[in-house]
Amino acid sequence: MDLLAHLPALQVLVPMLSAPLIVLLQPRGLAWAGATAAALVSFAIALTLALAVLDGQTLVYAMGGWPAPFGITLSVDSFSAIMLLIVTGAGAASLLAARPSIDQQIGSERQPLFYSAWLLALSGLVGIVVSADAFNIFVFMEISSLASYIIIAGGPDRRALPAVFKYLIMGTIGATFYLIGVGLIYMMTGTLNLADMEARLGDVTDINPVLVAAGFITIGLALKAAVFPLHVWVPNAYTHAPHMVTVFLAACATKVALYVLIRFDYMVFQATLVDHGLQFAVFVMPLAILGILIASAVAMFEGHIKRLLASSSIAQIGYVLLGVSLVSIPGLTASAAHLFNHALAKGGLFLAVACLAYQYRDLRLDQLGGAAARMPWTCAAFVICGLSLIGVPGTAGFISKWLLISAALESGPWGWGLIAVILIGSLMAVVYIWRIVEALYFLAPVADEAKISEAPIQLLLVTGLVAILNIYFGLFPQIPLELANSAAALLIEGAQ
Amino acid sequence: MIPETAILVAIVLPLVGALAIVLAGRIGPNIREAATAITSLSLIWVVWGLLPTLMDGGRPSVEVSELMPGLTIAFTVEPLGMLFAALASGLWLINSIYSVGYMRGNKEKNQTRFFACFALALSATMGIAFAGNLFTLFLCYELLTLSTYPLVAHKGDPATVRSARIYIGVLLSTSIALFLPAIIWTYTIAGTGDFTTGGILAGKLNDPEIGLLLGLFVFGIGKAAVMPMHKWLPAAMVAPTPVSALLHAVAVVKAGVFAITKIIVYIFGIEFLFAAPSSQWLLYMAAFTIIVASLIALRQTNIKRLLAYSTIAQLSYVVMAAAILKPLAEVGASLHMVAHAFGKITLFFAAGAIYVASKKTEVHQLRGIGRRMPWTMAAFTIGALSMIGVPPTAGFVSKWFILAGAFEANNLIAVFTIIASTVLNAAYFLPILYMAWFEREHEGGKEHGEAPFLAVLALCLTALLTLAFFLFNGPIIELESQVVKGLS
Amino acid sequence: MNLLELLGYFNYWVFAIILTIGLYAIIIKTNLIKKLIGLSIFQSAVFLMYITMDKVEGGTAPIIQAGVEDQIFSNPLPQVLILTAIVVGVSTLALGLAMVVRISECYDTIEENEILDAD
Amino acid sequence: MIFIFAVFLLTMLVITAVAIVRAEDLFVAVMLTSIFSLLMAANFFILDAADVALTEAAVGAGVTTVIFLCALSLTGDREKPRQGPRWVAIGTVGVLALLIIYATFDKPRLGDPDAPVHQHIAPWYIEKTTEYMDFPNVVTAILSSFRGYDTLGEVLVVFAACIGVLFILGVSPPRKTQQVTTKNSGLRHHLIPQVVGRLLIPFIVLFGLYVQFHGEYGPGGGFQAGAIIATGVILYALLEGEANALRAIPRGVLLGMVVGGALLFGGVGVVCMLMGGAFLEYSVLTADPVFGQQLGILIIEAGVGMAVCGALLSIFHAFAARESLS
Amino acid sequence: MIDLVLDVLSWILLILGASCVLIGGIGGLRLPNFYTRLHAASLTDTMGTILIFVGMMLQAGLSLATLKLFAIMLFLLLTGPTATYALANAALLSGLKPDAGDASDKPKGNTPE
């Protein structure tokens with residue numbers, strides 16, 4: 001077998017197997033370097049895979065050489081390619097920038113463990129994305145969850161601990177619900193392979209267990225994806241985690257759960273359950289709308305910059321769900337694109353926050369006055385990513401807003417209502433982003449600014465790069481759009 | 001250089017200029033001002049270099065990127081845009097001359113940021129002027145909003161920030177909440193958003209929706225300050241005078257009315273719209289705005305606020321002219337953009353000059369100021385007359401065309417509105433002139449002379465332009481007639 | 001409905017009840033350790049469900065005795081899955097306990113409401 | 001007969017669960033939890049899941065309890081009574097229970113040989129195991145070869161838990177309380193337990209090794225073995241004092257075991273890749289594919305054992321050390 | 001013939017052992033204080049174990065199972081008493097005076113803290 005054939009496996013294995021090695025690299029610089037190298041390699045692999053599946057083909061890899069329903073197989077299609085890009089990109093970027101901030105927040109003797117856990121989280125997320133086996137997804141979900149609990153718990157503030165404990169409880173409940181659902185489906189079909197499940201669910205006569213299973217899986221994954229009413233763990237966890245960890249997790253963690261949710265509902269249930277599409281929409285759309293409106297409203301009144309952005313993440317999840325719940329190719333394209341663009345925007349924002357946090361201990365808005373004068377580049381990057389989050393034309397965020405609105409337009413009578421929701425959400429985004437911008441630029445400084453200067457160059461460069469990407473993908477979004485399109489087509493035809 | 005590149009250069013040049021200004025700002029003010037001057041000069045050279053191509057019917061266009069099928073970033077030169085671009089680039093030069101005098105005379109801080117953002121705003125303006133389709137227009141429109149925000153908030157004290165918040169809030173939210181859906185709607189039904197002569201919506205849309213879409217566009221383009229979307233304009237008066245000039249004369253509001261005109265002409269197509277009764281409301285709306293704004297202006301005591309409301313009224317002239325939906329009126333609309341630009345920029349320069357020289361901001365303080373600042377007040381007078389529409393000023397020409405269009409459409413409301421507003425304009429400008437020239441300044445006013453030389457030079461230039469436009473407007477009219485060529 | 005069938009349902013019902021009890025403990029208890037205990041009960045309920053479905057009438061543990069013909073085996077797959085799940089469960093538990101220890105050090109309490117009051 | 005016994009066990013399960021939730025004293029609750037696990041294990045055994053039963057007994061009843069107790073000694077073992085309404089929670093969970101029970105009525109009845117579970121892929125495993133691996137324990141075959149990738153993930157989970165505990169407990173406690181007791185000297189002053197312990201520990205370890213290497217033939221394998229051996233060492237630590245245990249197997253070695261185990265597992269997979277197979281395709285390891293499978297399984301089981309044993313022990317030590325210095 | 005004897009014998013043993021365990025259980029419930037309960041429990045550990053295991057060995061006959069059973073019995077016989085000892089010891093250390101006369105587990109005032 002040539003290397004390309006092995007890539008899906010390597011995608012997972014590279015970070016996974018380098019994690020234990022990192023523990024042994026005692027001098028902390030080495031640990032960081034090793035972790036970053038591994039992350040970069042896996043990002044490169046992800047790029048290669050994305051280019052390979054750009055033409056809509058699917059790469060399949062049989063673990064241990066055992067054929068599909070019996071062994072575990074990995075499969076990479078255009079949808080997973082997008083997620084791979086998001087996850088590995090976020091991992092690589094945040095690790096690349098992480099060192100100064102992490103040195104500041106975590107004692108050097110604990111850093112090898114920390115970076116190793118970080119790599120584990122990365123590999124877990126990647127493993128979920130490429131896996132084509134229901135139970136294998138559970139295993140990797142647990143790897144990523146445990147690892148993310150660890151890296152969140154690295155937060156210096158003591159409030160990190162209750163926050164992450166709550167996350168642990170809710171995350172485990174979610175995973176167990178998922179496990180129950182998978183068990184019920186296995187009981188009715190006798191298989192764990194997703195494609196095989198779909199094939200065999202068709203001729204299951206007693207549908208009740210499958211319905212219950214669908215319910216369990218959807219709720220469990222919604223819990224992990226912080227879908228609106230189940231999001232309570234997000235704000236604290238994001239707020240008190242180490243800043244770079246927030247960058248990484250906010251960019252990709254919940255999205256992966258969302259990805260599994262979409263995969264299941266479209267590739268397994270949609271085709272087999274009678275008018276599941278309708279039930280799904282009826283169940284998800286209200287949550288999405290409520291999520292957008294309420295979470296944005298909360299964000300408008302948050303006083304702490306990280307909490308504010310965390311709430312906005314919940315709202316953004318709502319946008320993705322909204323697109324998904326339209327059960328149409330444009331809607332799914334919009335969702336897939338929004339996954340990508342939001343990762344860019346939110347990652348950039350949190351990177352900028354990390355830059356600020358490197359200088360400002362207290363991240364409440366009223367403490368950040370006059371930051372722009374001292375840290376012009378950071379604030380500029382922040383503004384750009386903020387505009388992208390709002391969806392101002394010329395930035396990446398605009399593309400997905402555009403797709404979403406046009407999808408809503410085509411979705412029939414209730415389309416205008418959805419558009420209204422989307423626009424109101426965007427206006428709220430204008431409000432909360434602008435609150436931060438005014439604080440940064442026009443608020444009177446409170447801290448003694450003698451010592452405050454620009455963030456370390458390492459951090460700053462990555463932040464700037466992400467900001468520029470936000471603009472680049474706003475003007476030349478062809479590649480992600482192509483992936484999103486074929487992903488949507490894939491899912492829909494999977495649903496037929 | 002070939003026109004296609006010229007377009008791109010015209011858009012990129014100010015960006016480069018902004019960068020140069022930032023860098024030069026590190027070295028020293030004079031270098032910085034030099035950078036501004038050079039940029040604006042070369043911009044004029046590039047833009048006006050496009051005129052000949054246009055005159056002989058060329059429509060050079062260039063596509064930058066295709067975001068998704070049908071949705072492209074593309075630029076095209078056509079008469080309306082050409083006029084706007086030429087106007088803006090020309091006035092930028094004068095405005096920068098004036099700004100140098102003003103900013104230094106006032107010892108403002110952050111001048112580098114000021115000039116840099118100014119250049120950015122110009123780049124966005126060029127983009128708007130040359131936009132080849134709705135999306136590109138929207139893109140540059142938002143960029144203009146964002147790049148002018150720092151200018152409006154220049155002073156940075158709480159009051160200013162609050163007003164600036166109103167400015168950005170109204171403009172951004174209207175554009176996102178109304179303009180964007182209108183655009184997407186257009187794209188979904190027409191499949192494209194390219195500006196094409198005769199419109200792209202003909203036959204694709206039924207009657208009530210036409211009115212709705214038109215409304216989304218008109219109110220979505222908050223820069224046009226059609227009531228009730230005008231609140232931001234008086235709020236933006238906190239900005240330094242050159243910025244007000246930029247907002248009122250050079251770029252922002254012009255961008256608004258320009259966008260509306262362009263959409264009416266190239267997206268709806270005037271005949272298609274003329275056929276649709278549900279588009280009538282726009283005319284009434286504009287007329288209403290004109291009258292009400294003039295009435296409010298009548299009651300203003302602060303010079304700049306008075307000018308602001310007069311701007312609102314004048315803008316609605318353009319909108320109304322466009323809404324008359326007759327070729328002559330369309331020409332009138334474009335002419336009025338130019339005319340108002342010249343007149344209003346003169347007035348603002350004058351007001352600013354008065355402020356710099358004597359720190360006077362209220363109307364009643366102007367008693368007898370004509371003796372102290374003859375040049376300034378002379379220019380002010382010319383501007384005011386142009387606003388009223390008295391020959392031999394620019395205002396007369398445009399009003400003439402608009403009236404002609406109104407009669408052609410035998411649209412009595414328009415005619416009445418124009419006459420009434422002319423009276424009102426006279427009612428609030430003439431007293432000022434009288435006060436300034438013929439009344440005696442009451443005792444104890446502090447001694448002051450003319451404003452800094454550069455400022456006075458600039459405002460005299462614009463005043464001259466106002467007069468010149470009355471005499472030499474042939475080529476412009478000919479150019480603009482191309483827009484409606486072939487339409488009865 | 002013969003005995004085996006009844007037992008089959010009984011297994012599932014016990015699974016449901018234990019699951020419920022565990023979830024109830026997680027939701028209602030403010031003591032963090034009690035929450036974790038509830039969590040482990042919650043998880044073992046799922047183990048029970050999986051193992052229940054692997055039973056075959058008259059089957060034996062899936063270990064092939066040499067030479068014995070046509071013997072029926074219970075389904076090995078769920079057992080494998082649950083082996084994995086058990087280990088995952090205990091790992092989560094250990095992590096949670098470590099957090100509880102740190103919490104009680106930082107807050108001097110492991111009662112959720114008191115922690116919330118603390119900050 | 002057996003069914004009655006099963007019903008009895010299940011009922012006991014429910015009762016125990018209720019008792020656990022109601023217990024005010026956390027110590028009691030933990031003890032009941034361990035009983036709960038034992039009952040669960042017995043249940044698994046009745047349902048023909050020997051391996052699972054063994055694991056549940058070793059991990060659930062053994063190690064978990066120890067860790068719980070360590071934690072309790074650090075946090076205090078009283079639960080404050082809770083005030084306030086609980087009808088909301090009861091309502092939600094009640095609905096959940098009814099939902100599941102409703103779903104069960106369509107499930108295939110217990111032990112129905114025609115249930116889809118037993119139709120599709122399970123028979124394949126049972127018949128192919130002899131063909132590909134040629135050893136009796138199908139569970140081990142699936143665990144370490146057919147679904148070896150899962151097992152690798154599982155090892156990584158254990159690894160994650162290990163480094164997680166080390167990381168979280170890696171910071172020194174904020175405030176030093178006075179020495180509670182001299183627990184860490186173990187029971188060394190008490191002759192009888194010590195003697196008995198010394199007598200037993202070798203056998204425990206021996207049994208662990210047996211389970212480890214007999215996994216292909218009887219119930220057992222890496223996890224169980226690792227857990228059992230870990231229990232033996234923990235017993236040693238309890239008897240001789242944790243310090244001595246650490247002297248016997250220092251932390252570094254434990255961490256090394258974890259890392260080594262994980263890498264051993266992964267390494268085998270990578271070697272398979274290099275030898276032209278897929279990841280974890282042991283057949284390519286040797287000329288004879290069957291022997292290749294057996295070899296690969298032997299090695300990775302060893303890796304699993306190492307990793308699990310090391311992880312559990314270092315977790316235990318992390319807690320125990322906390323105890324002595326808090 | 002001989003198997004019948006063995007069978008009967010083994011069953012007798014089993015029943016005896018079971019009753020021992022039962023008595024131990026009842027004792028654990030009914031007896032007044034800690035040490036007496038411990039005493040009852042020890043009955044389960046010793047007599048119960050031995051009888052039941054011997055009974056089962058007789059059932060199993062001469063086979064590997066018997067050996068295993070024997071090993072387990074040995075194990076239990078070793079651990080049970082040790083556990084009992086450890087318990088009693090711990091109780092004593094925590095200041096619980098063995099006093100059959102009194103009917104409760106209240107620590108006395110004069111117990112060493």
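Protein chains get the first letters and strands the later ones, always in sequence-line order, with residue 1 at the start of each. This one's a predicted model, so the numbers in the text were calculated from it and none came from an experiment.
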Check your understanding: Considering all heavy atoms of both residues, which atom of A:L13 and which atom of D:M273 are nearest to each other, and what is their separation?
Key -> CD1-CE, 3.8 Å

Check your understanding: So, for D:F279 and A:Y61, which heavy atoms are closest and what is the spacing to 0.1 Å?
Key -> N-OH, 2.7 Å

Practice item. Quick one: pull up CD1 in A:I72 and CG in D:D150 and give me the separation to the nearest 0.5 Å. Key: 3.5 Å

Study note, to complete from the structure: When every non-hydrogen atom of D:G153 is compared with those of A:I143, the smallest separation belongs to O-CD1, 3.4 Å

Review point. Looking only at heavy atoms, which two atoms of A:L120 and D:A160 are closest? And how far apart?
Key: CD1-CB, 3.7 Å

Review point. With respect to chain D, which residue among A:L184, A:V23, A:V12, A:N136 yields the maximal number of heavy-atom pairs within a distance under 4.5 Å?
Key: A:N136

Check your understanding: Should D:K128 and A:F70 count as side-chain neighbours, where that means a heavy-atom distance under 4.5 Å?
Key -> no

**Study point:** D:A278 to A:A62 - nearest heavy-atom pair and separation
**Key:** CB-O, 3.4 Å

Review point. Side chain, backbone, both or neither: which part of D:I163 has a heavy atom under 4.5 Å from chain A?
Key: both

Check your understanding: In Å and rounded to the nearest 0.5 Å, what is the OH to CG distance from D:Y149 to A:L74?
Key -> 5.0 Å

Exercise for review: Check D:G266 against A:L17 and note the closest heavy-atom contact, atom names and distance.
Suggested key: CA-CD2, 3.8 Å

Practice item. Quick one: pull up CZ in A:F177 and CG in D:L96 and give me the separation to the nearest 0.5 Å. Key: 5.0 Å

Check your understanding: Highest number of heavy-atom pairs under 4.5 Å with chain A: which of D:A122, D:S145, D:G170?
Key -> D:S145

Exercise for review: Would you give the length of the straight line joining atom OG1 of A:T191 to atom CD1 of D:I121, rounded to the nearest 0.5 angstrom?
Suggested key: 4.5 Å

Check your understanding: What's the spacing between A:L192 CG and D:R147 CZ if we round to 0.5 Å?
Key -> 5.0 Å

Review point. In terms of heavy-atom pairs under 4.5 Å, which option from A:D196, A:L21, A:I151 contacts chain D the most?
Key: A:D196

Review point. Is chain A contacted by the side chain of D:F265, its backbone, both, or neither, given a heavy-atom distance below 4.5 Å?
Key: neither

Exercise for review: Please tell me if the side chains of D:I100 and A:F216 come closer than 4.5 Å, counting only heavy atoms from C-beta onward.
Suggested key: yes

Review point. With a 4.5 angstrom heavy-atom cut-off, which part of A:R200 approaches chain D: side chain, backbone, both or neither?
Key: side chain

Check your understanding: Say you draw a straight line from CZ of A:F140 to CG of D:L152; how long is it, rounded to the nearest 0.5 Å?
Key -> 6.5 Å

**Study point:** Side chain, backbone, both or neither of D:V165 within contact of chain A (heavy atoms, under 4.5 Å)
**Key:** neither

Point to revise | chain A interface, residue from D:Y282, D:F167, D:F159, D:F146 that has the most non-hydrogen pairs under 4.5 Å | key: D:F167

Point to revise | Side chain, backbone, both or neither of D:Y125 within contact of chain A (heavy atoms, under 4.5 Å) | key: side chain

